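Reviewing the structure listed below.
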Amino acid sequence: MEGKILAIDDNTDILFALKLLLKPYCETIVTDNKPENIPALLAKESFDLILLDMNFTRDANSGEEGFYWLERILEIDPSVVVVFITAYSDIDNTVRAIKSGATDFVQKPWVNEKLVATVNAGVMLRKSRLEVDTLKVKQKALHEIIDEPFHDFIGNSAEMKKVFANIAKVAATDASVLILGENGTGKELVARALHRSSLRRDENFVSIDLGALTESLFESELFGHERGAFTDAKSQRVGRFELAHKGSIFLDEIGNLSFAQQAKLLTVLERREVTKVGANKAASIDIRLICATNMPLVEMVAEEKFREDLLYRINTVEIHLPALRDRGEDAILLAKHFLKIYTKKYAKTVKDLSASAQKLLLSYHWPGNVRELQHAIERAIIMTDSTMLQPEDFIFSQKTKRTDEVALESYNLDEVEKSIIQKVMKKYAGNVSQAAKELGLTRTSLYRRMEKHGL
């Protein structure tokens, strides 16, 4: 005995018969002979199934009133199960009823056993719909929790403003995106930002590090496998592409794929379907493709290490992520952001970075980019006993020299001057006024030196 039933019919004898028949088979049955009371009834209680007469007094046999109230019911509760009951049934109305959202159609006079079975099936269907709705809510909440750390995508530099602008332009499209940048610059942050701003935001975002896949695991991980497809395949596995169906898939370190793996991936992207290992039938996929690498794919194509046709498939749009050393004051902005996170995590009272610590962070080359900065701040907060981070709280690797230090190994003054001008112009995205100010020159003097070096 489960399920709450609402029966609507302008014939009170019909309602009495329905109540008498269904009462032993359901938790609650409510009847009403006025369809205009439906909104109030649904506002007061949630029903699993509604038995709705198709023809009321004002409209004896066309069924239009029934279709009107069906539409109103589904507007109020899209998951409720509606079963039409009518003495005037025909094929056209039956087809229209199903297309309009009704679950079933019962003709008067009904067969008791059949009506009870129809109601029981309808209640079970409502239960399944509610379970699916609950799973969708849980899945959305889980996605938000997983994605939360990736919202920390910040920067005020001209270089990062270009990145944000490109994300805004391409996110709403289904164009394939290739993200280029050094390790630790935040390529997955870009990928997730693209997904969050896309029309697929409510579907799955699936990320996979291709550099971590062995040749033997490649097909199984990406395309899935059937039970018994190989020795260790004790159960069926859904591949990452199928998991990403209707959503986005992020293929990180795509430059690490072997030629054989590239060919298999290209086939999937061209056909838009995957075949599990050990299966005979292909499954269609609808995905938004986002890839990333720190490798020079164009050069690899020239060296015949990467397929040119695959490169065309994955880089409809390219987004270049700048290295942290090229983002100017962003290093301080990020450092203070991570400081807030880790002081809270480790219950420390560190309030800020000293001026000398900030100067140190701006002078360091950051070979590991934002990831290295994050770890440096975390380590400094754990180890410090002060309320202000100082230069001595940071320990950097001595193996990597700064680019300007490397340039100074050449003592040719013209080469040094040219290198410094190039670096400062890049830092300020070609803004001559800002670059001249940093170099301690007038705009005219800087223009003269740029002309001298052919810049």
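As a basis for the values below, the full set of heavy atoms in this structure was taken, side chains included, without hydrogen atoms, waters or symmetry mates. All values reported here derive from a predicted model rather than from experimental measurement.
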Which atom pair, heavy atoms only, marks the closest approach of [X] to [Y]?
{"X": "Glu182", "Y": "Pro367", "result": "OE1-O, 4.3 Å"}
{"X": "Leu441", "Y": "Ser445", "result": "CB-CB, 4.2 Å"}
{"X": "Leu389", "Y": "Thr384", "result": "CD2-CG2, 3.8 Å"}

Under a 3.5 Å distance rule, please check whether [X] uses its side chain to pair with a backbone N or O of [Y] as donor and acceptor.
{"X": "Arg201", "Y": "Ser198", "value": "yes"}
{"X": "Asp104", "Y": "Val83", "value": "no"}
{"X": "Arg272", "Y": "Ser284", "value": "no"}
{"X": "Asn204", "Y": "Ala244", "value": "no"}
{"X": "Lys187", "Y": "Asp252", "value": "no"}
{"X": "Gln262", "Y": "Leu257", "value": "yes"}
{"X": "Trp366", "Y": "Leu361", "value": "yes"}
{"X": "Lys162", "Y": "Ile319", "value": "no"}
{"X": "Lys264", "Y": "Phe218", "value": "no"}
{"X": "His195", "Y": "Ala171", "value": "no"}

Greater than 12 external heavy atoms within 6.0 Å of [X]'s [atom1]:
{"X": "Arg379", "atom1": "CZ", "result": "yes"}
{"X": "Lys437", "atom1": "NZ", "result": "no"}
{"X": "Glu131", "atom1": "CD", "result": "yes"}
{"X": "Glu451", "atom1": "CD", "result": "no"}
{"X": "Phe259", "atom1": "CZ", "result": "yes"}
{"X": "Met124", "atom1": "CE", "result": "no"}

Report the C-alpha distance between Ile8 and Leu41 in whole Å, list the side-chain angles of each, state the deciding distance to 0.1 Å, and finish with yes or no for side-chain contact (heavy atoms from CB on, under 4.5 Å).
-> CA-CA 11 Å; Ile8 304 292; Leu41 289 166; 4.2 Å; yes
Leu251 and its side-chain contact (heavy atoms from CB on, under 4.5 Å) partner, picked from Leu178, Thr293, Ile208 = Ile208
For the pair Phe396 and Tyr364, name the ring-plane relationship: parallel under 30°, tilted 30 to 60°, perpendicular over 60°.
-> parallel
Electrostatic pair [X]:[Y] at N-O distance under 4.0 angstrom:
{"X": "Arg237", "Y": "Glu242", "value": "no"}
{"X": "Arg288", "Y": "Glu203", "value": "no"}
{"X": "Lys246", "Y": "Asp286", "value": "yes"}
{"X": "Glu299", "Y": "Lys305", "value": "no"}
{"X": "Arg129", "Y": "Asp77", "value": "no"}

List the steps, then state whether side-chain contact (heavy atoms from CB on, under 4.5 Å) holds for Asp48 with Val81.
-> CA-CA 6 Å; Asp48 297 302; Val81 173; over 6 Å; no
Check the pair Ile381 / Phe338 against side-chain contact (heavy atoms from CB on, under 4.5 Å), numbers first and verdict last.
-> CA-CA 10 Å; Ile381 287 172; Phe338 294 134; over 6 Å; no
Side chains of Thr185 and Asn294 in contact at under 4.5 Å (non-hydrogen atoms) = no
Show your reasoning for whether side-chain contact (heavy atoms from CB on, under 4.5 Å) applies to Phe47 and Arg126.
-> CA-CA 9 Å; Phe47 293 95; Arg126 162 71 166 187; over 6 Å; no
